[in-house]
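Below: one structure, written as structure tokens.
Chain letters run A, B, ... following the sequence lines, proteins first, then strands; residues in each count from 1. Just so it is clear, the values below take in all heavy atoms, side chains as well, and ignore hydrogens, waters and symmetry mates. Model, not experiment: these values are computed from the prediction.
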Number of protein chains: 2
Amino acid sequence: MNVRRHDPERRSRIIDACLDVVAEVGVAGVSHRKIAAAADVPLGSMTYHFDGIDQVLYDAFTRFAQAASSQFEARMSAAGTAQEARRAVADLIVTDTLSTQRELVLMQELYTLAARIPRFRGITSAWMAASRAALERHFDPATARLLDATIEGLSLHRALDTEPHDPQVALDAIDRILATADRKAHRP
Amino acid sequence: MNVRRHDPERRSRIIDACLDVVAEVGVAGVSHRKIAAAADVPLGSMTYHFDGIDQVLYDAFTRFAQAASSQFEARMSAAGTAQEARRAVADLIVTDTLSTQRELVLMQELYTLAARIPRFRGITSAWMAASRAALERHFDPATARLLDATIEGLSLHRALDTEPHDPQVALDAIDRILATADRKAHRP
DNA sequence: GCGTCATGCGTACGACCGTACACACCAAGC
DNA sequence: GCTTGGTGTGTACGGTCGTACGCATGACGC
């Protein structure tokens, strides 16, 4: 027997490389050859480790969504007071996972795939459910849903704006939404 | 001289066909051949009427954005009272341009392109500016911006939700935002 | 009627694609 | 040391791609 059936380290490197390639040339531009070159693995490895390019994309976006989701959750659960929660939501928009152009591009690519291909909606719905759950640690469900949608919208505007975003805009938006929210203590 | 230099009717049909193809297979799947087949024009027409596939996409998304923008503007300017404006915003989300899966997919594809390629941001920024201007007919600028972002977010959630969207959610969200808005009379 | 010339098309070429598959490699059993 | 069998790779094939380009077409000036 050889050491392992599927070298997980190599497989993992392919997934990371896939995200890099997607961020650079978009889902439209990915190919086995480009990913293999970026991961520095032979072309043959691609078909060996994955059934097809769809599976590579699926696994790559799953990893991306889970990473973003964990960061979101960590940020929200670190907030103790209501004021900290408010600040945490703002940070999510202006300095967190969704802050670099790379992350924003990947997010958009994932949304686009999910909008067109039902199979990918599993990834986005899990992500959205996790975000909402994290927000519901501090806010009532209706507010969590509204905040979630607004975060998406502001992030999108951020991705498409040519000039740098003013953090105050996000803070103001959140304050206005929270002004209409049920007061809810932080769950112990 | 021949009748015309660039037959506009044929060129226009190619643009429409391009949107159809993108809606079906995504930007990742478009090709000269598929668009030509969908438009029922010879393959050679593609390079004759357009400099490259990027230009086809650019023109197609420009048309799409302008159509959506006009509809948005028409919907908002038809509203006279504040109550009608509130209803108009809700309609934008639940029954208007952004309501069919086709429109939502195209919108996502455009956003993704714009996030990655600065050239396409001209289309999205014009669209966003027009939306905001239409909203500012009824609401103060800060509210218009917040509404705009929230509309985007709710539309996105709608595109990715597996189950049909409850219109009441959109209405509630708008009401909560408007509850914090400056009262502003409809400009004559 | 006929030459002229811009319009628009059919075709073919080279590049790149996904993937099948033969096989090199190497650890383990004996 | 030899056999064996799974692991991972290199290569080549059939197909699709964008696009360059030669040429058919038909309207116009005369």
Would you give me the side-chain donor-acceptor pairs under 3.5 Å for residues 34-42 of chain B, sequence neighbours excluded?
{"unit_1": "B/K34", "atom_1": "NZ", "unit_2": "B/G29", "atom_2": "O", "d": "2.7"}

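The pair B/R11-B/D59 meets the salt-bridge criterion, with a side-chain N (NZ, NE, NH1 or NH2) lying under 4.0 Å from an Asp/Glu carboxylate O. Ion pairing between B/E136 and B/R132 fails under the 4.0 Å rule for side-chain N and carboxylate O.
The residue A/L43 sits close to a base: some heavy atom pair falls under 4.0 Å.
Side chains of B/E24 and B/V21 form no contact here, defined as non-hydrogen atoms less than 4.5 Å apart.
For the pair B/R13 CZ and C/dG8 P, the computed distance is 13 Å after rounding to whole Å. Per the geometry, NE2 belonging to B/H32 stands 20 Å off P belonging to C/dC13, to the nearest Å. For the pair B/F50 CZ and D/dT19 P, the interatomic distance rounds to 13 Å; values are reported in whole Å. Per the geometry, CG belonging to A/D54 stands 11 Å off P belonging to C/dG18, to the nearest Å. Whole-Å rounding puts the B/D40 CG to C/dC9 C1' distance at 14 Å. The nearest whole Å value for the distance from the OH atom in B/Y48 to the C1' atom in C/dT7 is 4 Å. For A/E9 and D/dT7, the CD to C1' distance is 16 Å, given to the nearest whole Å. The nearest whole Å value for the distance from the CE atom in B/M46 to the P atom in C/dC9 is 12 Å.
B/M128 and B/D148 get closest at one heavy-atom pair: O-OD2, 4.0 Å.
Using a 4.0 Å cut-off, some side-chain N or O of A/S45 falls inside it from OP1 or OP2 of D/dT9. Close to C/dT11, at under 4.0 Å from its OP1 or OP2, lies no side-chain N or O of B/R33. At C/dC17, one or more side-chain N or O atoms of A/S31 fall inside 4.0 Å of OP1 or OP2 (strictly under the cut-off).
Applying the side-chain contact (heavy atoms from CB on, under 4.5 Å) test to A/D16 and every residue at least two apart in sequence or in another chain returns A/S12, A/R63.
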Short heteroatom pairs, N/O only, protein and nucleotides 22-24 of chain C, under 3.5 Å:
none

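For B/K34, counting side-chain heavy atoms from C-beta on, the closest listed nucleotide (D/dC17, C/dT7, C/dG18) is D/dC17. Residue A/T47 has its side chain nearest to C/dT19 when only C/dC17, C/dT19, C/dT7 are considered.
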- In sequence, state the C-alpha distance, the side-chain angles, and the governing distance for A/W127 and A/M107, and then conclude on side chain to side chain contact (heavy atoms under 4.5 Å, CB included). CA-CA 11 Å; A/W127 185 1; A/M107 189 181 71; 3.8 Å; yes

